[in-house]
2 protein chains.
Amino acid sequence: MSERQAGRRVTIKDVARRAGVSVATVSRVLGVSNYPVAAATRDRVMKVVRELDYVTNAHARSLAGGGTPTVAILMNNITGAAFAHVAKGVEGAATLRGWLSLVGTTGDDPERELALVNAMRQQGVAAVVLLGGAYDRTEYQTRMGRFARSLDAAGSHLVLVGRPPLEGDVPATTVNYDNEAGAYAMASHVLSAGHRRVLVLPGPAGLTTAQGRLKGARRAFDAYGVPFDPGLVRHGSYDYEHGFSAVREVLARGADFTAVLAGTDVVAAGATQALKVTGLRVPDDVSVAGYDDIPLASHVTPQLTTVHVPYEEMGRVALRAVADRRAGDVLAGPGAGRPAEAEHLVLGTHVVVRDSVRPPRPGR
Amino acid sequence: MSERQAGRRVTIKDVARRAGVSVATVSRVLGVSNYPVAAATRDRVMKVVRELDYVTNAHARSLAGGGTPTVAILMNNITGAAFAHVAKGVEGAATLRGWLSLVGTTGDDPERELALVNAMRQQGVAAVVLLGGAYDRTEYQTRMGRFARSLDAAGSHLVLVGRPPLEGDVPATTVNYDNEAGAYAMASHVLSAGHRRVLVLPGPAGLTTAQGRLKGARRAFDAYGVPFDPGLVRHGSYDYEHGFSAVREVLARGADFTAVLAGTDVVAAGATQALKVTGLRVPDDVSVAGYDDIPLASHVTPQLTTVHVPYEEMGRVALRAVADRRAGDVLAGPGAGRPAEAEHLVLGTHVVVRDSVRPPRPGR
DNA sequence: TTGAAAGCGCTACCAT
DNA sequence: ATGGTAGCGCTTTCAA
């Protein structure tokens, strides 16, 4: 292994000089296109590349026109299991195609989100994937519209995963799951088991995800002719603590219910724990249903009956969508000015029956 | 919002022309250094920047000398909670300093790991952080030594998080936690509760993490004068399934034990479940101890007594180490050829007492 | 099959 | 305080 001056990167010139060829030739040997180069020359170059442990400068390559396509994945929190699975899907599909992926976290801060989108634009990423539900305000629509157009103008593209499509003619792709249908199916499952008084913990009020889950549940109640009790709906964040405290408070209030429809598996875990410490057994006394089907769902006792959301696949689909789009652009030729089309993909969800839901005990 | 030809990025020249100034001036207005520019000029430039929605090309900037420092975080699996927390720590600390962070996953594949390290070298990242335990073979040492030197030669730096330091004079930084001490403390806690027959599930044989946890447990057994039964040690992967099946099999074999020392919280969750389905109560009949203290530990019932590992802080510390190193380089001046020093940082662990460990029932 | 040279977009140095 | 311009390392015509 040859010693070099620390910090001074080996360049294509060093390789060319040492191999006794021009930089153009080195570039051809290393480049993606299989430009014809004499076998002997190629070998000589490769030998020097190994000796010098040379790697091309991605920035220079990118500037000069080449460059590896890159996707940026932006999420609130990398430690959220559902998001992590989407990221895994995107990353896997990206790697498969030789793409690079960046991950950035916004910490739910619009400022940081903006900064990151701009940073990604600076990097010249092929696409920016934004993960997670959104608070549906007008301001949000405006903001995303701006992102979409901004990215589009720079030859990039915005992909929204897990949020509803943007209104109007915005150049963004949406990958979503049938959130409301999942909630409808889960609620139906609980109602058809015979439950009539059920506590609903949809999630944060105003979050599109929570709204969809609540709406789905409501539709099921209507379908079963079961009156929907607003007193049995508690909004709150998608975390264990909320599940726990919501159940404790409702119980303390003396409210009566035989099942809990939780907004996420984590909330369901919190609810279950609250029930247990109160001396109620799950599912013997009270049933609990989750949503998401993250690994936690099968790691708690009883294992949660929940709604499976194909998070990882959503990630794969999202990447495929941008990759296809890009291939299309290439076919159409540069500057073809393809109209800013918006694509909406929706994946299915389904109930996974495990052990946390059971018919209510007779007399309750 | 002005319409521009799709795909053609706005450049500094466009801004300069429209603002009626030179590109140098625009660069000064937008650059990091606060080079003196007349307020009026600055305003004019900024106005055009906003009008054109201009962002600098990170590749060009990077090539020309400027550029945002970037850390790359490489891990096996983004969905592992422990790793995700380290990544969060790195990311947070990076953002705080205006650094960018990339995340890549290797899927436990050495090929992919190599490809990623090279990709990161191409990107000219300031540091590559490698997460997670390692299989301690000679080949591994060689491999990492190569990575370290390669990165070092390119002015970058290798940081190993959660693995032991490399042997010899290798230019790499290590950030680790006191793995063995944590295991020792956990085992002591269990032994001091009175347990004498305990099932140990250290993790994958050959993984440094698992070796350390086993060694720590062993030392505690010695200290308590409790014979260590090799028949009560089961290696296996760090997942729920292993915890579950290991306990089932040992139980089926008719082996007797009153406590389980699991290699991770996830394994502990699996073990707990196996115990429960066999009709054994936790912790009444059998105690279970975890390791890692990821959120899952407090989401299961009973909440796990476990070893807290400061994952997120390790991430922060790792980033700080490279950032300081870099600042040192700047002070020393370019090409100062600082010796390739290896820094080893170790953070503490401690037992978190919750509900899964209790003295064995009398007579057992 | 190979080489020479013109940029890619930006920063930093040297002038003014 | 501002402008001109030489590179940064690479890819890609255009010539030979």
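Predicted model only: the values in this text are computed from it and were never measured.
For B:Y35 against D:dT2, a side-chain N or O and a base N or O form a donor-acceptor pair under 3.5 Å.
Among residues two or more places apart in sequence or in another chain, the salt bridge (charged side-chain N to carboxylate O under 4.0 Å, His left out) test is passed with B:R42 by none. Partners of B:R143 according to the salt bridge (charged side-chain N to carboxylate O under 4.0 Å, His left out) rule, which considers only residues two or more places apart in sequence or in another chain, are B:E113. Contacts of A:T70 classified as side-chain hydrogen bond (donor to acceptor under 3.5 Å, both in side chains), with partners at least two apart in sequence or in another chain: none. Residues passing the salt bridge (charged side-chain N to carboxylate O under 4.0 Å, His left out) test with A:K47, sequence neighbours excluded: A:E51. Scored by the side-chain hydrogen bond (donor to acceptor under 3.5 Å, both in side chains) test, B:S101 finds B:E91 as partners (sequence neighbours excluded). For A:R316, there are no side-chain hydrogen bond (donor to acceptor under 3.5 Å, both in side chains) partners two or more places apart in sequence or in a different chain. For A:D43, the side-chain hydrogen bond (donor to acceptor under 3.5 Å, both in side chains) test picks out no residue, with sequence neighbours left out. Qualifying salt bridge (charged side-chain N to carboxylate O under 4.0 Å, His left out) partners for B:R97, counting only residues two or more places apart in sequence or in other chains: none.
Using a 4.0 Å cutoff to heavy atoms of chain A, the contacted part of DNA chain C runs 5' to 3' from C:dT1 to C:dG9.
The OG1 atom of B:T56 sits 4.0 Å away from the CZ atom of B:R61 when rounded to the nearest 0.5 Å.
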Under 3.5 Å, which N/O atoms of the protein pair with N/O atoms of nucleotides 6-8 of chain D?
residue : atom : partner : partner atom : Å
D:dC8   : O2   : B:L63   : O            : 3.3
D:dC8   : O2   : B:A64   : N            : 3.3

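The stretch residues 46-75 of chain B participates, sequence neighbours left out, in these ring pair (Phe, Tyr, Trp, His ring centres under 6.0 Å) pairs: A:H59-B:H59.
If you check every strand for non-hydrogen atoms under 4.0 Å, B:T41 touches sugar and phosphate atoms only. Among the protein residues, A:T56 comes within range of the sugar-phosphate backbone only, with heavy atoms under 4.0 Å from sugar or phosphate atoms but none that close to a base.
Between B:P36 and A:Y54, the residue anchored closer to the 5' end of DNA chain D is B:P36, taking for each the nucleotide with the nearest heavy atom.
Here the P atom of nucleotide D:dT11 and the NE2 atom of A:H59 are 14 Å apart, to the nearest Å.
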Between A:R50 and A:D53, does the salt bridge (charged side-chain N to carboxylate O under 4.0 Å, His left out) criterion hold? Intermediate values first, please.
CA-CA 5 Å; A:R50 274 189 299 272; A:D53 196 15; over 6 Å; no
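Contacts of residues 20-30 of chain A with DNA chain D (heavy atom under 4.0 Å): A:A24, A:S27, A:R28.
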